[in-house]
Amino acid sequence: QVQLVESGGGLVQAGGSLRLSCVASGRTFSSYFMGWFRQAPGKEREFVAAITLSGAGTYYTNSVKGRFTISRDGAKNTVYLQMSSLKPEDTAVYYCALNKYYSDYDVPSHYSYWGQGTQVTVSS
């Protein structure tokens, strides 16, 4: 099994920055992607960013390109989401997830393991 634990959320003013962390434990080898998703109240969960387990490939939804950066530290089994120039519309619960079996990186149902989520609130 795989366990994912996120941290780093909080309250920040618009234009500010936060860094989210996701520590993975368990059987994470032979996986395709680690991803970040977010869900705002009353909305569906949406893809934010993903990274291949090798770290060679990174992918972003258009609304965060140039503002968010996903990275990983293999030695620590940790994936990060550095968020800058935050906007009120970035407010959501952010989840990290692990995709072990599928080559699509932006489909929530293709991720088998999920963390508990961390709240990010951006005030205007």
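- Scored by the side-chain contact (heavy atoms from CB on, under 4.5 Å) test, Glu89 finds Lys87 as partners (sequence neighbours excluded).
- In this structure, the side chains of Leu4 and Met34 come closer than 4.5 Å at one or more pairs of heavy atoms.
- Between the CZ atom in Phe47 and the CH2 atom in Trp36 there is a gap of 12.5 Å [rounded to 0.5 Å].
- The ring-ring contact (aromatic ring centres under 6.0 Å, His included) pairs that include a residue from residues 72-96 number zero, where partners must be two or more places apart or lie in different chains.
- Residues passing the salt bridge (charged side-chain N to carboxylate O under 4.0 Å, His left out) test with Arg72, sequence neighbours excluded: none.
- In plain terms, the two heavy atoms of Ser85 and Ser17 that are nearest each other are N-OG, 4.4 Å.
- You'll find the side chain of Phe68 stays beyond 4.5 Å of the side chain of Leu18, heavy atoms only.
- Among residue pairs with one or both ends in residues 31-72, none qualify as disulfide bond (SG atoms under 2.5 Å apart); sequence neighbours excluded.
- Of the inter-residue distances, the one linking Thr61 atom OG1 with Phe37 atom CZ reads 10.0 Å to the nearest 0.5 angstrom.
- Between the CD1 atom in Ile70 and the CD atom in Gln82 there is a gap of 12.0 Å [rounded to 0.5 Å].
- For the pair Ala14 and Ser124, the tightest heavy-atom approach, listed with the atom from each and the gap, is CB-CA, 4.4 Å.
- A salt bridge (charged side-chain N to carboxylate O under 4.0 Å, His left out) check over residues 39-54, counting only residues at least two apart or in different chains, returns the pairs Arg38-Glu46.
- The two residues Ala40 and Ala92 come nearest to each other via the heavy atoms N-CB, 3.8 Å.
- No continuous path of hydrophobic side-chain contacts links Val23 to Leu98 [ILVMFWY only; heavy atoms under 4.5 Å].
- A 4.5 Å side-chain heavy-atom check between Ser109 and Tyr102 finds every atom pair outside the cut-off.
- The stretch residues 57-68 participates, sequence neighbours left out, in these salt bridge (charged side-chain N to carboxylate O under 4.0 Å, His left out) pairs: Arg67-Asp90.
- Tyr59 pairs by the ring-ring contact (aromatic ring centres under 6.0 Å, His included) definition with Phe33, Tyr105, not counting sequence neighbours.
- With rounding to the nearest 0.5 Å, the separation of CD in Gln119 from CG in Leu11 is 9.5 Å.
- When all heavy atoms of Met83 and Leu86 are compared, the pair lying nearest together is CB-CD2, 3.8 Å.
- The heavy-atom pair separating Leu81 from Ala49 by the smallest distance is CD1-CB, 4.1 Å.
- Leu20 places none of its side-chain heavy atoms less than 4.5 Å from the side chain of Glu6.
- Side-chain atoms of Asn99 come within 3.5 Å of backbone N or O of Tyr101 as a donor-acceptor pair.
- Not a single side-chain hydrogen bond (donor to acceptor under 3.5 Å, both in side chains) links Asp106 to another residue, sequence neighbours left out.
- Residues in residues 66-95 take part in no disulfide bond (SG atoms under 2.5 Å apart) pair, two or more places apart or across chains.
- Remark: Arg19 engages no residue in a salt bridge (charged side-chain N to carboxylate O under 4.0 Å, His left out) (not counting sequence neighbours).
- Counting only residues at least two apart or in different chains, disulfide bond (SG atoms under 2.5 Å apart) contacts with residues 91-124 comprise Cys22-Cys96.
- By the side-chain hydrogen bond (donor to acceptor under 3.5 Å, both in side chains) test, Ser54 is found to be paired with Thr52, residues two or more places apart in sequence or in another chain being considered.
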